[in-house]
Amino acid sequence: MTKSGKKSGNSLLRWIFGIIFVIIVIFGVNAGLKDDQAAEEPLQGAQQAGEENLADTQVHAEETESNQEESNQDSGPEENNLTDNGPVTRENPGIGNLTVHFIDVGQGDSILLEYNGKTMLVDAGERDKGKVVTAYLQDQGISGIDYVVATHPHSDHIGGMNEVLNSFQVKHFVDSGFPHTSKTYENMLTTIDEKDIPFEVAEEGKEIEFDPAVDVEIFNPGPEYSDDLNENSIVLKVSYGETSFLLMGDAGLETEEKLMGAGYDLDSDILKVGHHASRSGSGKAFISSVSPEISIIEVGAGNDYGHPHEEVLERLQKASRVYRTDLDGTIAVTTDGPTCTVITQKTGSGEVVTGTGTSENGADSPSIPIITRETESEEVKSEEAGEPGTGTISSSADHAVYVNNLNLKDEWVEIKNRGSSPVLLEGWKIEDEGSKHTYTFSSYTFSSYTLDSQATVTLYTGMGTDTSSELYWGSESPVWNNDGDTAYLYDNIGNLIAELER
């Protein structure tokens, strides 16, 4: 956006409206446009086949000028809240913590950022999830939103926007700028126009002025749009101190290649996985470039698309600790800059993560060992105060060992060591819920079992011959309850190190 081309947010919005109207007339779309979820959901093939080529109607964003003056501003009206992404001087964190909430909206996306009294909402799920998002924000004590970002016009990302826009005072709305001939998108634009909400178009290379201590960089879309709506998703990198989040929207392989070729600093601690972990994204080279410690998948349980796709899930699990809203519910990541705490809704677990060491590929980027505790409350508080708790860890090397996966049906549990040093597991234990079954790491094959750095070991319930990567419980009957169970990992002095609920 250039400062010479001033245009109000509402004028730009009406321009986009005009383009949409022309498209509707040209393609014979009448006023009875339907919200066909199958056409708007991000399903490869079916979705793209139902969408018209809008390349000739690309919107090139000009700088917008807010026509609403904020009562607490000392200076004149802002021309634009998207700034040039030049050399960054990041303020040291210290005012508080940044919390990023990955809200469980089923098969869709909705992300809330909170810092120093400021809020940003990225997407709002399907139409029937608008009330869910609104209720969640209200539960956080939020009455107004500084920024609302619509990554792209698919209904599983903007369907709930009208509910949000009608429930909260919104200061700025940021859109991908690519028009769409759906009733959902049209209704959203109508509400923005009626409420006179300042409307801005995301522009690659700019930043959103969320807070001086928090960098919010726009990596996508670029000046030339793709024919695929997903590839026009707004991609944001959010950085606070030493911790960074990469929010991919529904961007896939095409965007990943573009970002890698553009030379962006993709290295991030927390990755919001693109397109619900569909095989259309999360390529091997891209995951290596990001080198996430934590990957978060927003996905609906039992969805019709088979998300997350198995090969993508395996790729992510090899590189990071994976969280999923279908299994973990809403996931909140709070960071003070150098450390993070992950709280999951369904498990109620609090996981403290600290940036130390090197990444899996050996680069000088943070590696985040994870300590899992039974609850987020008294245990965490007592340890922060220096008091011993049930989650106390016996040595720093142990912090990196956690339960990476649990398969209830096929009866196996996987343990991983993400640390830079091997960990002796002799005397450690795996237990199921209620401690009905216990396995102790000691076998006839391995008198003392050591889990090497970056290695995993799979513990099977039944009979078999132990190897360095596969161990066997020796049980003649199933251990894990297929209706739901939890694997608990204890060290050799009985401290709870990690847990995973399925």
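Counting begins at 1 with the first residue of the sequence. In what follows, every heavy atom counts, from backbone to side chain, and hydrogens, waters and symmetry copies are set aside.
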(request) Output the distance between atom NE2 (His275) and atom CD (Glu231), rounded to the nearest 0.5 Å. (result) 9.5 Å
(message) Within this structure, what is the CD-OG distance for the pair Glu256 and Ser282, rounded to the nearest 0.5 Å?
(response) 5.5 Å
(request) Mind running side chain to side chain contact (heavy atoms under 4.5 Å, CB included) on Val238 and Leu98 for me, showing each step along the way? (result) CA-CA 10 Å; Val238 180; Leu98 169 68; 4.1 Å; yes
(message) Can you tell me how far apart OG (Ser268) and CE (Met248) are? Round to the nearest 0.5 Å.
(response) 10.0 Å
(request) Under the side chain to side chain contact (heavy atoms under 4.5 Å, CB included) rule, what do Asn492 and Glu426 come out as? Steps first, then yes or no, please. (result) CA-CA 7 Å; Asn492 58 357; Glu426 183 72 13; over 6 Å; no
(message) Between Glu298 and Thr325, do the side chains contain a donor N or O and an acceptor N or O under 3.5 Å apart?
(response) no
(message) I want to know whether Tyr439 and Trp473 have ring centres closer than 6.0 Å.
(response) yes
(request) Indicate the atoms forming the closest heavy-atom contact of Val413 with Ala487, along with that distance. (result) CG2-CB, 4.0 Å
(request) Sorted by first residue and then second, give each salt bridge (Lys or Arg N to Asp or Glu O under 4.0 Å) pair with at least one member in residues 98-113; sequence neighbours left out. (result) Asp109-Lys272
(request) Indicate the atoms forming the closest heavy-atom contact of Trp480 with Glu431, along with that distance. (result) CH2-O, 4.0 Å
(request) Check the side chains of Asn404 and Glu414 for a donor-acceptor pair under 3.5 angstrom, ignoring hydrogens and angles. (result) yes
(message) Are Ser110 and Leu121 packed together at the side-chain level, in the sense that at least one heavy-atom pair is separated by less than 4.5 angstrom?
(response) yes
(request) Name all residues meeting the side chain to side chain donor-acceptor pair (under 3.5 Å) criterion together with Asp146; count only those two or more places apart in sequence or in a different chain, and write none if there are none. (result) Lys171
(message) If I take atom CD from residue Glu126 and atom CD1 from residue Ile158, how far apart are they, to the nearest 0.5 angstrom?
(response) 9.5 Å
(message) Side chains of Glu114 and Thr99: any donor to acceptor distance under 3.5 Å?
(response) no
(message) Looking only at the side chains, is there a donor atom on one of Glu411 and Thr461 sitting less than 3.5 Å from an acceptor on the other?
(response) yes
(message) Nearest 0.5 angstrom please: Leu266 CG to Lys237 NZ, how far?
(response) 7.0 Å
(message) Among Leu424, Leu471, Leu451, exactly one meets side-chain contact (heavy atoms from CB on, under 4.5 Å) together with Phe441. Which residue is that?
(response) Leu471
(message) Test side chain to side chain contact (heavy atoms under 4.5 Å, CB included) on Asp175 and Met188; report intermediate values, then the result.
(response) CA-CA 11 Å; Asp175 189 74; Met188 183 187 76; 3.9 Å; yes
(request) Heavy atoms only: give me the nearest Ala150-Ile234 pair and the separation to one decimal. (result) O-CD1, 3.5 Å
(request) Compute whether any side-chain donor of one residue and acceptor of the other, for Glu204 and Tyr264, lie under 3.5 angstrom apart. (result) yes
(request) To the nearest 0.5 angstrom, please state how far the OG atom of Ser244 sits from the CG atom of Asp269. (result) 4.5 Å
(message) Please determine whether side chain to side chain contact (heavy atoms under 4.5 Å, CB included) holds for the pair Trp412 and Asn405, giving the CA-CA distance in whole Å, both sets of side-chain angles, and the decisive distance to 0.1 Å.
(response) CA-CA 8 Å; Trp412 55 261; Asn405 204 354; 3.6 Å; yes
(request) Look at the aromatic rings of His101 and Tyr136 and report parallel, tilted or perpendicular, splitting at 30° and 60°. (result) perpendicular
(request) Measure the shortest side-chain to side-chain distance between Leu316 and Ile287 over non-hydrogen atoms and say whether it is less than 4.5 angstrom. (result) yes
(request) Side-chain contact test, heavy atoms from C-beta onward, threshold under 4.5 Å: evaluate it for Phe245 versus Leu113 and give yes or no. (result) no
(message) Assess, by modelled atom type and distance only, whether the side chains of Asn97 and Thr334 contain a donor and an acceptor separated by less than 3.5 Å.
(response) no
(request) Apply side chain to side chain donor-acceptor pair (under 3.5 Å) to Glu311 and list each qualifying residue two or more places apart in sequence or on a separate chain. (result) Arg279
(request) Quick one: closest heavy-atom pair of Leu500 and Arg321, and the distance? (result) CD1-NH2, 4.0 Å
(message) Aromatic contact between Tyr240 and Tyr115, with the criterion being ring centroids under 6.0 Å apart: yes or no?
(response) yes
(request) Determine whether the side chains of Tyr305 and His276 contain a donor N or O and an acceptor N or O closer than 3.5 Å. (result) no
(request) Return the minimal non-hydrogen interatomic distance between Arg502 and Leu406, and the atom names on each side. (result) CG-O, 3.5 Å
(request) For Ile497 and Tyr490, work out which heavy atoms get closest and say how close. (result) CG1-C, 4.2 Å
(message) Regarding Asp250 and Ser233, do their side chains bring together a donor and an acceptor under 3.5 Å, going by distance alone?
(response) no
